[in-house]
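Here the structure comes first, spelled out in structure tokens, and everything after it is commentary.
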Amino acid sequence: MNQKKFVYSFAEGDGKNKKLLGGKGANLCEMTQIGLNVPPGFTITTEACLDYLDAGHKLPEGLMDAVRNHMTQLEQATGKGFGDLNNPLLVSVRSGSAMSMPGMMDTILNLGLNSQTLQGLIWQTDDERFAYDAYRRFVQLFGKVALGMPDSLFEEPFEAIKQREGAMEDIALTADNLREVTDLFLDAVHGHTGKPFPEDPYEQLEIAIQAVFNSWMGKRAVDYRREFKITPEMANGTAVNVCTMVFGNRGFDSATGVGFTRNPATGENQMFGEYLVNAQGEDVVAGIRTPKPIARMAEEMPDLHRQLVELRDKLESHYHEVQDFEFTIERGTLYCLQTRNGKMNAHAMVRTSVEMTESGLISKEQALLRIDPEVLQQMLFPRLDPKHGAISLAKGLPASPGAACGRAVFDADRAEEMGHSGQLVILVREETKPEDIHGFFAAQGILTSRGGKTSHAAVVARGMGKPCVAGAEGIHVDTQARKATIGETVIREGDLITIDGTTGDIYLGAVPMVEAEFTDDLRTLLSWADQAARLKVMANADSPQDAQRALSYGATGIGLCRTERMFNAADRLPIVLEMIVADTLEQRQEALDKLLPIQRSDFQALFEVMSPRPVTIRLLDPPIHEFLPTESQLVAELEHLRQLRSTARGVDILIDTIRLLPPGDAAMHEISSLADSGVVDAAIEKKEAILKKVRSLHEVNPMLGHRGVRLGITFPEIYSMQIRAILEASAECTRRGIANHPEIMVPQVCTSEELKAVRTFVDDLRQQVEASTGQQLDFKFGTMIEVVRACLRADKLAEEADFFSFGTNDLTQATFSFSREDAENKFLPMYNAVKILRDNPFEVLDTQGVGKLMELAVNWGREVKPELKIGICGEHGGHPASIGFCHRIGLSYVSCSAPRVPIARLSAAHAALKNNA
Ligand code: PEP
Ligand code: MG
């Protein structure tokens with residue numbers, strides 16, 4: 001005799017034991033036990049399912065006896081009889097595992113009907129049409145889901161009868177029509193299975209239970225579990241829920257509907273939902289009739305509306321969460337059929353978190369933990385109006401969040417031109433290149449037909465906080481013809497388009513949008529997050545505008561200012577070029593002297609915006625040839641200039657001739673706009689000098705070459721200029737009463753000797769600046785940890801540094817020995833697909849490899865200097881799970897781009913709350 005208990009009534013099952021009873025079963029038990037009016041029923045356990053499958057598809061001994069016992073209890077509870085000719089009990093049969101999982105068996109309704117009980121139903125309800133409709137639905141569902149018959153065997157005869165009767169909708173069919181349909185369905189079953197439709201209700205039930213169990217191993221369910229990594233620890237086997245049928249289509253005192261305990265679009269604390277009188281749930285879903293808003297029920301069925309409000313209150317106070325529930329009213333009695341946590345947009349999640357906390361329904365901790373940090377992104381960018389209704393033309397990758405609308409342009413120059421003339425534009429390219437940057441500045445958003453989430457377009461757009469849809473392969477971009485085609489649709493320059501960088505959708509025309517809103521509720525929630533978190537959140541920002549934005553999102557300082565980005569601005573690049581091509585120290589110093597005041601004012605502006613918070617400034621990092629054009633570009637330009645020189649020589653002669661023409665001649669104008677040969681010669685000379693420099697600076701592995709601190713030590717005048725600019729800016733701010741805390745950070749360090757060397761410049765310059773300004777300087781000196789050796793020598797580096805900041809972009813590249821660009825463009829997608837690597841390590845911190853090195857560095861650094869401030873400024877600093885890891889290994893702060901600051905603040909709180917639990 002089997003000792004296991006396989007069947008639990010809803011009144012006795014443990015509502016917390018989803019593993020045994022499945023999510024749906026556990027929920028039905030819980031709802032029953034807190035006093036909600038759930039139709040009586042029972043759950044067959046997942047263990048029974050596993051035993052059945054183990055035994056080669058044989059029901060465990062004693063199971064059907066237990067089922068019969070529970071059916072008897074249902075009969076007692078309802079006063080009806082299973083198979084009773086006069087007052088038949090009908091049930092629904094549903095699958096339900098521990099995890100919600102499409103792919104398993106669908107619901108069978110009205111089980112228990114046969115040619116005899118049908119008569120009982122007609123007699124009982126006095127509604128022949130209703131009874132035949134229930135019967136034909138049952139035969140159809142049973143045939144399809146329990147007997148595995150194709151849909152078409154039912155749909156074809158059904159459609160034929162509708163056509164014959166001229167019925168547009170099912171509702172137009174009469175009782176006689178439905179009787180005929182049912183007979184055809186029963187014949188179809190006989191034809192398909194070779195046996196008549198099972199009349200015995202218990203036989204029906206047994207077949208249905210087996211079908212549910214079998215569906216656990218059905219292809220769709222198995223594929224789904226594999227795809228979503230649902231392991232047996234998470235869900236093993238499916239339960240079967242058998243529940244008394246209740247009908248919302250039993251007259252005008254019956255109804256069916258769905259409700260949310262609060263408004264899921266706005267979060268407003270008001271019940272929201274729809275209902276239909278005298279209808280079945282299916283009718284709502286199928287859109288056969290238009291449901292009414294629940295508020296109408298207060299007039300139409302006041303007593304039931306009051307009961308519904310009570311139900312809503314009970315659900316929220318029990319689940320401490322907004323609920324999405326289904327209900328049916330049968331002849332004036334309200335039943336709750338299902339409830340689950342309501343899905344809401346970010347605005348509604350934040351608002352309900354704050355309001356439920358303030359009303360005492362949940363704690364601050366629960367308010368924080370119920371929100372996935374990543375969803376906050378929705379609140380920080382303009383987005384499409386959720387009610388827009390527009391149909392997407394094509395889809396690409398959601399590469400940079402937010403929505404943008406503008407006129408399509410196909411090259412950066414036109415984007416700039418139209419942008420400057422005040423038009424809103426979307427830059428549409430096959431892919432973008434660094435030379436398109438002016439087009440990015442002018443555009444509202446970027447759309448490319450090639451490249452992934454880490455393509456140039458995606459990375460630059462994210463950095464600028466502009467929406468981007470990348471790799472929309474359905475679009476064919478023809479730059480020459482200034483148009484793009486998507487299937488039949490042609491988009492020409494100037495046509496309005498809308499892109500949604502949060503979903504990847506592309507629309508023709510202007511789709512209505514709603515502005516980004518950093519609401520008071522979000523501010524409140526994030527202030528609670530800051531109280532809960534241990535990690536501080538800083539921002540990566542290189543300009544006062546970025547800094548301002550970061551500050552408004554709650555950054556507690558700047559964790560990384562990449563000074564090379566300041567060098568790229570149009571007014572500096574020529575000076576930077578001068579510095580690089582300089583042949584002598586004097587020439588270089590001359591260029592640096594010009595850069596000094598510019599950098600000083602850059603830093604001063606940052607200190608002012610961020611005062612009194614820390615601003616971490618990284619000394620120059622990339623190889624200097626990155627500021628120069630490429631060799632092939634220069635060769636092409638020189639070629640062009642040389643051609644121009646021969647023309648220009650001709651032009652000189654022509655000019656001499658034309659001088660004889662009367663002034664104001666049109667030809668004169670045209671010719672005078674051409675360069676004379678002297679100007680062209682000078683240009684050639686300059687380009688040749690740059691080309692020579694480019695060739696001399698050529699490196700085999702530039703990313704592992706002459707860059708970072710190595711550059712700073714070999715060209716000390718460059719770092720000295722930057723350090724001086726930082727210190728003088730600090731002194732000036734202090735003089736003006738602006739509190740400031742600069743942190744000077746050295747990149748690419750691999751040995752403490754390098755840090756010592758830079759420290760001597762810093763010490764010298766401190767003395768000089770203090771002496772010349774009379775101000776006492778207060779700053780920190782630290783290092784990036786982005787080289788493997790730096791992790792392994794962290795104890796020595798800690799002797800020289802006030803702080804560490806993990807540059808996990810480079811550290812990941814160094815640890816894996818592959819670069820992000822090559823990996824993402826060549827093998828990483830395949831590696832991820834075949835699970836050689838589970839994640840993209842440039843997005844999700846590789847805690848097992850890179851993280852191990854970080855952990856060593858933290859421990860060894862703090863052994864030498866327990867108070868050492870340690871942060872992270874690689875992209876992982878804005879990734880929720882990676883932030884969790886940073887918390888666990890004891891970092892002091894994370895630094896990320898401004899738009900990710902709110903996400904990082906909430907992630908930091910999650911990390912603290914989950915690790916204290
Ligand atoms: C890093 O390497 O993680 C880092 C922040 O530096 P960059 O991305 O500028 O190389
Ligand atoms: Mg780096």
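In listed order, ligands and their atoms are each counted from 1. In what follows, every heavy atom counts, from backbone to side chain, and hydrogens, waters and symmetry copies are set aside.
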Interfacing atoms of ligand 1 (cut-off 4.0 Å, heavy-atom, [X]):
| X | answer |
| --- | --- |
| C873 | 5 (C) |
| G807 | 1 (C), 2 (O), 3 (O) |
| N809 | 1 (C), 2 (O), 3 (O), 4 (C), 5 (C), 8 (O) |
| M784 | 4 (C), 5 (C) |
| E786 | 1 (C), 2 (O), 6 (O) |

For this session: Answer yes or no: is there a donor N or O on one side and an acceptor on the other, between the side chain of R600 and the main chain of E728, under 3.5 Å?
Result: no
Problem set entry | Main-chain N/O of P612 paired with H741 side-chain donor or acceptor, under 3.5 Å | yes
Exercise. Under 4.0 Å between a Lys/Arg side-chain N and an Asp/Glu carboxylate O for R565 and D546?
Worked result: no
Problem set entry | Salt-bridge present (R707, E699; N to O < 4.0 Å) | no
For this session: Of all N, O or S atoms in E786, identify the one at the shortest distance from the Mg ion (ligand 2).
Result: OE1
Problem set entry | Of all N/O/S atoms in D810, the name of the one nearest the Mg ion (ligand 2) | OD2
For this session: Give the residue, atom name and distance (to 0.1 Å) of the protein heavy atom nearest atom 6 (O) of ligand 1.
Result: R618 NH1, 2.9 Å
Seminar exercise, completed: Among non-hydrogen protein atoms, atom 10 (O) of ligand 1 lies closest to D810 OD2, 3.0 Å
Exercise. Quick check: does D621 have an N/O/S atom under 2.8 Å of the Mg ion (ligand 2)?
Worked result: no
For this session: Check the angle between the aromatic planes of F607 and F603 and answer parallel, tilted or perpendicular using the 30° and 60° thresholds.
Result: parallel
Exercise. How are the rings of H706 and F715 set to each other: parallel, tilted or perpendicular (split at 30° and 60°)?
Worked result: parallel
Exercise. Can the positive tip of K466 be found less than 6.0 Å from the middle of the six-membered ring of F440, inside 45° of the ring normal?
Worked result: no
For this session: Answer yes if the ring centres of F885 and H879 are under 6.0 angstrom apart, and no otherwise.
Result: no
Exercise. For ligand 1, which part of R562 has a heavy atom less than 4.0 Å away: the side chain, the backbone, both, or neither?
Worked result: side chain
Exercise. Applying a 4.0 Å heavy-atom criterion (strictly less than), which segment of L560 is in contact with ligand 1: side chain, backbone, both, or neither?
Worked result: side chain
